[in-house]
Visitor: 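Quick one: the structure is below, questions incoming.
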Amino acid sequence: MRACARPLFGRRARLRWIHLILGGALAMPYVLVGAVVVGPAAGGTDVFASLPLQLASFGVGLPLAALTSLFPLTRPLEGAAVRWLCGVDADRLAEGPARGRAAKGRTAAWFTLHLGIGGIVAGMSLALPPFAAVLIVLPLVAGLRDSRLGLPEVFGHPWALALAPVAGVASLLALAGCAAGAGALLARWAPVLLGPTPEDRLAAAEARAADLAVRNRLARELHDSVGHALSAVTLQAGAARRVLDSDPGFVREALAAIEETTRRTVGELDAVLGVLRDGDAPGTAPAPTLAADLDGLLRRTRAGGLEVSAVVEAAPDALPPVLSREAYRIVQEGLGNALRHAGEGAAVTLRVEVRDGHLEITLVNPLPAVPGPRPAPRPGGGHGLRGVEDRARLLGGTARAGPAEGTWRLHVRLPLRTAPRPEGPP
């Protein structure tokens, strides 16, 4: 019994009924405007005393509703009502105002359909329940039969009077069935008329791609700056611990390098977080560049235990700011990999030069000495090298990394005059 009653009186049916009543309430102002037009045309007849004139006013008001549905807030508000009351999944409905002629036309069709069907169901909901209640109690209340309620004369017969309660209950069930059917119809048509258009899907995809690009850029910046600093600080602290009793001077130098590295990294972290704010906020440290910060990077790396031999044949001050910043991060990542994998005391060669309109960065370090068979390293196998490849690709350049003649070689080639490509998801 409950299974049979649920489609007519269940929670979802009740919510959809409320949605239809809401449509009828929204239709009332348009019906009143239609009555202002129909009344004089009918010779001043009272519109609300005639059912045909009421229907005519309703017909005049619906086109006005279609016109007002062109306001930008119509689709978001209707979509929210459909989600809450009709039980339609949010991912099947568009967000934001309608864009384009087709989307606006579908929104107007939905708004007109909602108000039209809602107005009919709302009118039935106002008229049928009182009439059905009178029919149900008619055999029991003799006064109702003698009053002037406008009941058909057929109810004067005993058989009609006995069937009056049945007719009343049938009227209520018919009302519930009409409301449930109309609600299901609107719920079925909502994704078609309020669903996302190809333009909406494209805009949503672009927004997701932009958000993913920001997240990837932030992750790459954090990896390059903080990861390099932690590697350097770990090696410096380990070296200082080993000679704590025998070489206090080296320990003081290592602690000073740790202090400088951490202070510098805090400033770089502020610059990285500025990525989320679409620019540096006042007081935020600027992002490091090859021109201004290469010497400090080499000094901190040497303090970490690497023997770095650097040859810079380019003029860092003459590089474009974007290229100088990304080149610094590439060098930082290469030195960080050497710190992590080559071991303390390893000799690293860095060469930065301009050749054929390109900035070339070459970094060579010995492969780690591992006893027994050692699998060949995989180019770009780590997150850091993948970040280097991403940076080079976004600048229109190339990056290659891998073993070469017993060493690990990183070679990056960046065009000097090529504008950075738009950043997107990997």
Side-chain angles (χ1 to χ4, degrees), residues 1-32 34-35 38-39 42 44-62 65 81-82 84-87 113-189:
M1 187 67 179
R2 291 183 179 180
C4 296
R6 187 176 296 113
L8 297 180
F9 304 104
R11 182 177 182 274
R12 175 166 294 182
R14 295 196 304 271
L15 290 176
R16 290 177 177 176
W17 201 336
I18 294 174
H19 182 252
L20 291 167
I21 298 297
L22 178 62
L26 293 175
M28 283 304 299
Y30 302 100
V31 174
L32 293 176
V38 172
T45 307
D46 185 5
V47 173
F48 297 100
S50 171
L51 180 59
L53 293 181
Q54 292 180 33
L55 295 177
S57 301
F58 194 62
V60 172
L62 286 181
V82 168
W84 296 336
L85 299 176
C86 292
L113 190 66
H114 181 202
L115 269 60
I117 298 179
I120 295 173
V121 174
M124 294 173 59
S125 300
L126 290 174
L128 275 181
F131 179 70
V134 170
L135 293 181
I136 291 173
V137 300
L138 189 61
L140 303 176
V141 183
L144 293 177
R145 284 169 267 168
D146 300 332
S147 62
R148 298 180 179 179
L149 295 178
L151 295 175
E153 295 182 359
V154 68
F155 286 106
H157 299 283
W159 62 269
L161 194 62
L163 293 177
V166 178
V169 173
S171 299
L172 293 178
L173 292 176
L175 173 61
C178 290
L185 178 66
L186 288 183
R188 181 176 181 179
W189 278 95

Visitor: Under the side-chain contact (heavy atoms from CB on, under 4.5 Å) test, which residues partner A122, sequence neighbours left out?
Guide: I21
Visitor: Give every donor-acceptor pair under 3.5 Å between a side-chain atom in residues 165-184 and any protein atom, sequence neighbours left out.
Guide:
from	atom 1	to	atom 2	distance (Å)
S171	OG	A167	O	2.8

Visitor: Would you list the pairs meeting side-chain hydrogen bond (donor to acceptor under 3.5 Å, both in side chains) in which at least one residue belongs to residues 17-27, sequence neighbours left out?
Guide: W17-S125, H19-H114
Visitor: To check you understand the geometry: which heavy-atom pair defines the closest contact between F58 and A27, and what is its length?
Guide: CE1-CB, 4.2 Å
Visitor: Restricting to side-chain contact (heavy atoms from CB on, under 4.5 Å), what partner residues turn up for L53, sequence neighbours left out?
Guide: V38, A42, T45, V47, S50
Visitor: What's the spacing between L20 CG and I120 CD1 if we round to 0.5 Å?
Guide: 10.5 Å
Visitor: Rounded to the nearest 0.5 Å, what separates atom OH in Y30 from atom CG in L115?
Guide: 6.5 Å
Visitor: What is the distance from atom CZ of R14 to atom CG of L8, rounded to the nearest 0.5 Å?
Guide: 12.0 Å
Visitor: How far apart are the closest heavy atoms of A13 and P7, and which atoms are they?
Guide: CB-O, 3.4 Å
Visitor: Can you list everything that forms a side-chain contact (heavy atoms from CB on, under 4.5 Å) with L185? Sequence neighbours excluded, please.
Guide: I117, W189
